[in-house]
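One structure is given here, and the rest of the page talks about it.
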Amino acid sequence: MATLNTDPNLADADAFYAALVKMTEGMDDATAQKTMAKLTLLLANHIGDAAVLTEAMALARGTQSKAA
């Protein structure tokens, strides 16, 4: 069973974060939320493992501590 990788795994995390912020630049809140939801669904489909996604959702929500 796969587990969520919470170790740093991006070559340039700061650049990714900047691109993520820029992606919704100029959008109203509703459009930005829809865009983020679409991105989330695209990435969830790419991951394709319900257990990993459930673990990620719990961690993002704050109901689970970071994987050991």
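Here, residue 1 is the first one in the sequence, and each next residue gets the next number. Because the structure is predicted, anything quoted here is derived from the model rather than measured.
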Within a reach of under 6.0 Å around CG of Asp28, are more than 12 heavy atoms found that belong to other residues, nucleotides or ligands? yes

Let me confirm one number: the [atom1]-[atom2] distance from [X] to [Y], rounded to the nearest 0.5 Å.
X	Y	atom1	atom2	value
Thr63	Met57	OG1	CE	9.5 Å
Leu4	Leu59	CG	CG	6.5 Å
Asn5	Ile47	CG	CD1	10.5 Å

Report yes or no: do Met23 and Phe16 belong to one cluster of Ile/Leu/Val/Met/Phe/Trp/Tyr joined by side chain heavy-atom distances under 4.5 Å? yes

Would you kindly confirm whether Leu20 and Leu10 end up in one hydrophobic cluster when ILVMFWY residues are joined by side chain heavy atoms under 4.5 Å apart? yes

So does Met27 get a backbone contact from the side chain of Thr31, meaning a donor-acceptor N/O pair under 3.5 Å? no

Would you say Thr35's side chain and Thr24's backbone share a donor-acceptor pair under 3.5 angstrom? no

Nearest heavy atoms of Glu55 and Thr3, plus distance in Å: OE1-CA, 3.7 Å

Sub-4.5 Å side-chain heavy-atom contact between Asp12 and Asp14: yes

